[in-house]
Amino acid sequence: MARDYAEMEAKWQKAWMDRKLNESERKDGKPKFMIIFAYPGITGYLHVGHLRGYTIADALGRYKRMTGYNVLFPVGTHGTGNGCISLANKIRKKDEKTVDYLIRNGCSPEKVEKLTEPMDVVNFFNDVYQNDYWKRFGFLADWRRFTCTLYPDYAKFIEWQFTKLKENNLLIQKPYYAPFCPECGPVAVDPSETDISKGGLAETQEYTLLKFWCEEKKFFLVAATLRPETVYGQVCFWARPDIDYSIVEKDGETWVVAPQAAEKLQLQFDNVRTVGSVPGKELIGLMCRAPMLHKLIPVFPADFVDPNIGTGLVTSVPSDAPSDWDALEAVKRNPDLVSVYNIPQDVIDSVEPISIISIKGYGDFPAKDIIDKMKISEIKDPEKFKEAMEEAKKVVYKDGYHMGRMKDICGEFAGMRVEEAKDKMKQAMIDAGEADLFRDLTLEVVCRCGRTVHIKRIDDQWFINYADQKLTEGTQANAKNMTIYPPEYYDNVQGVLDWYRERACVRLGKWLGTKFPFDSKWTIEAISDSTLYPVYYTISLYANSGQITPEQMKPCFFDYVILEKGDAASVSKETGISADLLDKIKADVHYWYPLDINLGGKEHMTVHFPVFLLNHRAILPDEMQPKGILVNWYVTGKNKDKISKSKGGAQPIPGAVAKYGADAMRLYYAHVASMYVDVEWDEDVVFTYRQKLEKIMATVEALVSEESDVPAGPIDDWLMSRFSTHLNEIRAAMDKYDLRSMATVVYYDMANDMRWYERRGGKNKATLTKALRIWINAMMPVTPHVAEELWEIAGFNGLVSEAQLPEADAVSPAAEYGEVFLQNVISDVNEIKKMAKGDITKAVIYTSPAWKIGIVKDAIAMAKEGKLTPPDLIKKCMADENLKRMGKEVSNFASKTAVDLKRGSIEDREAIIGMDERAFLDSAKDFIAAEVGLEVQVFSADDEGRYDPAGKAKIAAPGRTAIYLE
RNA sequence: GCAGGGGUAGCCAAGCUAGGAAAAGGCGCAGGACUUAGGAUCCUGUUCUUAGUGAUUCUAGGGUUCGAAUCCCUACCCCUGCACCA
């Protein structure tokens, strides 16, 4: 049967809106629950992966609604940064890829034309996120409170937040080295490439600049190295003969570096200027004095040197650097050295590798060893050769760092571990004026504007001092009192808070965001303006409705409504907001806060969540500290990588909803795996969830349209007990926010029970009505549209989204046990039937003899007194003359019973004993016969006239029938 | 490097913070029912063995225990985050 999901969804979404279910109002005295998901940054269209966490948040909110809470689930977006600026720029320039991307995701060409201003982009995506994603998924979010970090009222809130940080002495200034675009200012370099167009994997490395004095020319050749500990192994120096180098003046010294490096130096040091240039080939053959060694070494030509990396000059340590080893071998065979550069042969000959570091598993020259081991000399393809060299470098560096020890030749550093020597030698050379520090990126990084990004020193950078000890400890203490899932993160967050240091909180350049209130040349950066914001959702309602204006939202306003500082009259006077309204807002803030759950993707574990906690601790009082954090893992692409929003290719959300229906997607997210593992996106899996839902809908429809009304019997008791059990399971699971377990119960266990009830002939109207009310209600959090539809079909009043989940009745193990027993009998018969040879037409079932029941009863009684042991039980049995006559059979059974009872629960055993198996099976005889396809006879093992040709009956025990087939 | 997570049957995935069921559930596969064309539904089965209560399994190897997928140790392998990125 084809269902129009879109129509069904729209119908119920409208019904919810009409009833204003999503609009959360303070209800004094009613318990509240406030949940948010970490709002998304506006970087383009979202994909099916993002909806995982959002959907879970909505489902949790809905669950809380149906269990007595007044729920607030607000949403917003984060537009800070330059994503929207660059997107608008690209659109303005009609960048083909960008336009394509927009159109492919459903933006009309006319609309694309209009997205040329950053705020247009912001507003466009704010609309897309709310209307095309969240509303389509049926979220009961309070849209009236929607906020965006670029709204003027939000900015007022951020200004206030920073005022508070400053008052608390948590803002500090110090120099900082940042990736910097000459056009846009500092940029974020990270794999998601939000700010940049190339080089997201680049890292900032700290090089040691080594100064080599060249007496002949009166200048320093300056090399950059990552391994200052290897200076004792320097034997020569590499320069590119085919490029020109720059001569720069720095603090009265003359340095030679590649022109690219000269540019970078100017960004990181004062008083650097380029004063001339020198061709690389003129450097070849010069002798220069190596730092630390204080020995003259020759400059040799090398073409592996990259002028874009470091200084474009390299000191050579062939013993430990594979490329140096390789280049040295090559240069020694190069006749140009003598003929072109006039280097004396004895100088060339004197250059020999020096062994300086001993590493377990390597010989004197680790560089040579790794080259041999990886058989790099045999690689012909230049690209692959280069890659192999890189790999070799990494391996030998890493092994050297961890396992290496400095050899005796290394002066005062001899015997030290490399890890330790590295810093000490670096510092020694800096102190001696032979070295300096320099930072560079490992890859070329290009800003979204097209300019190349370099590291720049920024002197007056503002930081939030997250290293503050009191703040850290206070935050850690709060985190210990919070509900944090998964449990690993509960433990882990303590350590994360420990290593949190000062964090840059503002940046220069053209960025969207709030201006730094103490110096407007700075803009508050993206992480720092998204830490305390959940509390703002309690206020945004009033700004959005125009009851208060940004101009009125002065610090004293926030002080009053959030921190309860000041008095209404004077704040009212200063802001122009009526005292009544001030008090109303204040009451709202303190009704909804603290935040109960902040849910976000796992990427937030070391970024957003810690600063979220820290800022709350820094600014808000104890009673407003957050209560919970939930972390969700990703939906990944086929190759286990995160589905990238920028790279496209992922299923656009509106298409997926149209194809599978919102509820199938919701069920998929809730049930496909634990929240705490990554899931590979697979449309076929979503489809099976859709089928599952359709099956359930068909089942309910069939049950509702059932005409007959069979009187209630044991199977009705069974179903009611099962549903009570399930209600308990649901509540237990949701106490741990375990949506997946809850969904298993609702969509699988309960569905199976309904099917079994029907199979057993259950058709009692009252039972069905009660069961359906529970079942459909339990579906509401995960599949609200389907639940509403079924709720209506079943004839229940109102909206299920407003209904309260019934409390569980008492669970009856006895009522549940009968069916378990029955299923065991059937599966045993089937099992034996499979094994038996020949035609089987009849099954004879024997129930336990009375004496065994008696023994179990005795055993239970003894167990309850806590003195059940096999010998005692046997003794008691043997006191009975009738039992004694059966001897060994009795003692065997008794000891087995005693052991069994120690494991299983006594309640279950009592349920078994409490049942008249014979009567029960008699009543179910026809059902068994139909299930196994055999004629069925039932006897008690005690029946005198039983049919028992194989003598099977004696095997029968309570809970376990004996079976004979023929 | 620093910090952390994990290896479960053909696949996905529970269970493993409280040790006691060949190991939930789903998918896939096989057989059957129904009855038909739908990416159906419903039963049954899906380690080996066997007229059922047996044997061997949860990366590998040790250990603790009456008993371990679950606790401890070792090895191998995989993965994640790491700060002006939300």
Side-chain angles (χ1 to χ4, degrees), chain A residues 1 38-43 77-78 80-81 83 176 178-180 185-196 200 203 398 401-402 419 458 461-463 466 486-489 491-492 495-496 498-509 511 523-528 530 600-608 610-611 633-634 640 671-674 676-680 682 684-685 687-692 694-695 698 740-741 743-744 747-749 752 755 759 827-837 840 896 899 902-904 931 933 950 952 955 957 960 962-965:
Chain A
M1 154 179 30
Y39 51 24
I42 305 174
T43 47
T77 59
H78 186 265
T80 311
Y176 181 74
F180 190 90
V187 292
V189 176
D190 69 277
S192 69
E193 301 194 340
T194 309
D195 292 350
I196 56 182
E203 289 176 46
K398 200 173 162 187
Y401 186 74
H402 294 295
E419 269 184 86
I458 295 167
Q461 173 69 46
W462 287 92
F463 292 81
Y466 292 127
E488 295 80 47
Y489 187 55
D491 297 330
N492 206 215
V496 175
D498 259 335
W499 63 253
Y500 245 73
R501 305 192 294 271
E502 301 89 357
R503 184 180 168 113
C505 61
V506 294
R507 54 194 199 179
L508 299 168
W511 308 92
T523 304
I524 293 168
E525 64 80 33
I527 306 284
S528 304
S530 56
K602 65 177 175 180
E603 73 277 19
H604 292 301
M605 288 194 290
T606 50
V607 184
H608 168 249
V611 292
W633 266 235
Y634 299 140
K640 285 263 173 193
H671 187 261
V672 68
S674 142
Y676 316 123
V677 298
D678 285 336
V679 173
E680 208 169 276
D682 183 342
D684 289 344
V685 174
F687 188 80
T688 63
Y689 279 107
R690 195 179 93 160
Q691 287 182 162
K692 180 78 202 171
E694 287 188 348
K695 219 186 294 180
R740 182 180 201 261
S741 295
T744 300
Y747 297 91
Y748 293 90
D749 298 345
N752 287 340
R755 205 185 301 154
R759 222 167 123 190
S827 80
D828 282 352
V829 171
N830 278 327
E831 180 93 354
I832 299 167
K833 194 170 123 191
K834 200 173 62 179
M835 297 301 160
K837 291 159 193 81
I840 304 292
K896 192 163 177 291
V899 172
K902 279 193 169 163
R903 296 181 182 167
E931 288 291 314
K952 290 277 177 189
I955 303 172
R960 184 97 198 171
I963 293 160
Y964 170 71
L965 300 189

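Letters go in sequence order (proteins before strands), and every chain restarts at 1.
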Restricting to nitrogen or oxygen on both sides, can you table the protein-nucleotides 14-16 of chain B pairs closer than 3.5 Å?
{"from": "A14(B)", "atom 1": "OP1", "to": "S674(A)", "atom 2": "N", "distance (Å)": "3.2"}

[Y] and [X], any side-chain heavy atoms less than 4.5 Å apart:
X	Y	answer
R740(A)	V672(A)	no
V685(A)	E680(A)	no
W633(A)	P486(A)	yes
K602(A)	D678(A)	yes
V607(A)	I527(A)	yes

Classify the nucleic acid contact of [X] as base, sugar-phosphate or nothing, counting any heavy atom under 4.0 Å across all strands shown.
X	result
T744(A)	nothing
N492(A)	sugar-phosphate
W499(A)	base
Q461(A)	base
Y39(A)	sugar-phosphate
V506(A)	base

Could you tell me the separation between the [atom1] atom of [X] and the [atom2] atom of [N], rounded to a whole number of Å?
X	N	atom1	atom2	value
Y500(A)	G81(B)	OH	P	15 Å
E603(A)	A83(B)	CD	P	14 Å
I524(A)	A83(B)	CD1	C1'	18 Å
H604(A)	U80(B)	NE2	P	18 Å
D828(A)	G52(B)	CG	C1'	6 Å
Y748(A)	G26(B)	OH	P	7 Å
D678(A)	U80(B)	CG	C1'	8 Å
N752(A)	G25(B)	CG	P	8 Å

> Which dot-bracket string fits RNA chain B when only Watson-Crick or G-U wobble pairs with both atom distances under 3.5 Å count, crossing pairs get [ ], and | stands for a partner on a different strand?
Replying inline: ((((((((.[[[..)....(....]]]((((((.......))))))((.....))...[[[[[..)....]]]]])))))))....

Quote, to the nearest angstrom, the [atom1] distance that separates [N] from [M].
N	M	atom1	result
G7(B)	U35(B)	C1'	45 Å
G62(B)	C79(B)	P	28 Å
G19(B)	C66(B)	C1'	12 Å
A22(B)	G54(B)	P	10 Å
U56(B)	G4(B)	C1'	35 Å
A14(B)	A9(B)	P	13 Å
A55(B)	A69(B)	P	14 Å
U65(B)	U70(B)	C1'	13 Å

> So, E502(A) side chain and W462(A) main chain: donor-acceptor pair closer than 3.5 Å or not?
Replying inline: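 Not confirmed, E502(A) side chain does not pair with W462(A) backbone.
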
>> Strictly distance-based, threshold 3.5 Å: is any side-chain N or O of Y500(A) a donor or acceptor partner for the main-chain N or O of T606(A)?
In response: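 Flag set: sc Y500(A) to bb T606(A) pair under 3.5 Å.
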
>> Quick check: on RNA chain B, is the nucleotide nearest H608(A) upstream (toward 5') of the one nearest H671(A), or the reverse? Name the residue that is more 5'.
In response: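 It is H671(A), whose closest nucleotide lies nearer the 5' terminus.
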
> Of Y964(A) and T80(A), whose closest RNA chain B nucleotide lies nearer the 5' terminus?
Replying inline: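 Result of the comparison: Y964(A).
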
>> How would you summarise protein contacts on nucleotides 31-42 of chain B per nucleotide, using B for base, S for sugar-phosphate only and - for none, with heavy-atom distances below 4.0 Å?
In response: --------B-SS

>> Taking ring-ring contact (aromatic ring centres under 6.0 Å, His included) as the definition, give me every residue that meets it alongside F180(A), ordered by chain and number, with sequence neighbours left out.
In response: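 Partners of F180(A) under the ring-ring contact (aromatic ring centres under 6.0 Å, His included) test: none.
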
> Rounded to the nearest 0.5 Å, what separation is found between the CE atom of M605(A) and the CD atom of E488(A)?
Replying inline: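 Answer rounded to 0.5 Å: 9.0 Å.
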
> If you round to the nearest 0.5 Å, how far is CG of N830(A) from CG of L965(A)?
Replying inline: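 If we round to the nearest 0.5 Å, L965(A):CG and N830(A):CG are 9.5 Å apart.
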
>> My understanding is that only residues two or more places apart in sequence, or in another chain, count here; which of them pass side-chain hydrogen bond (donor to acceptor under 3.5 Å, both in side chains) with D491(A)?
In response: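 With neighbours one apart ignored, the set is empty.
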
> Between H671(A) and Y689(A), what is the ring plane arrangement, given parallel below 30°, perpendicular above 60°, and tilted in between?
Replying inline: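 The arrangement is perpendicular - the two ring planes meet at more than 60°.
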
> Partners of D749(A) by salt bridge (Lys or Arg N to Asp or Glu O under 4.0 Å), sequence neighbours excluded?
Replying inline: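 For D749(A), no residue satisfies salt bridge (Lys or Arg N to Asp or Glu O under 4.0 Å) once neighbours in sequence are set aside.
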
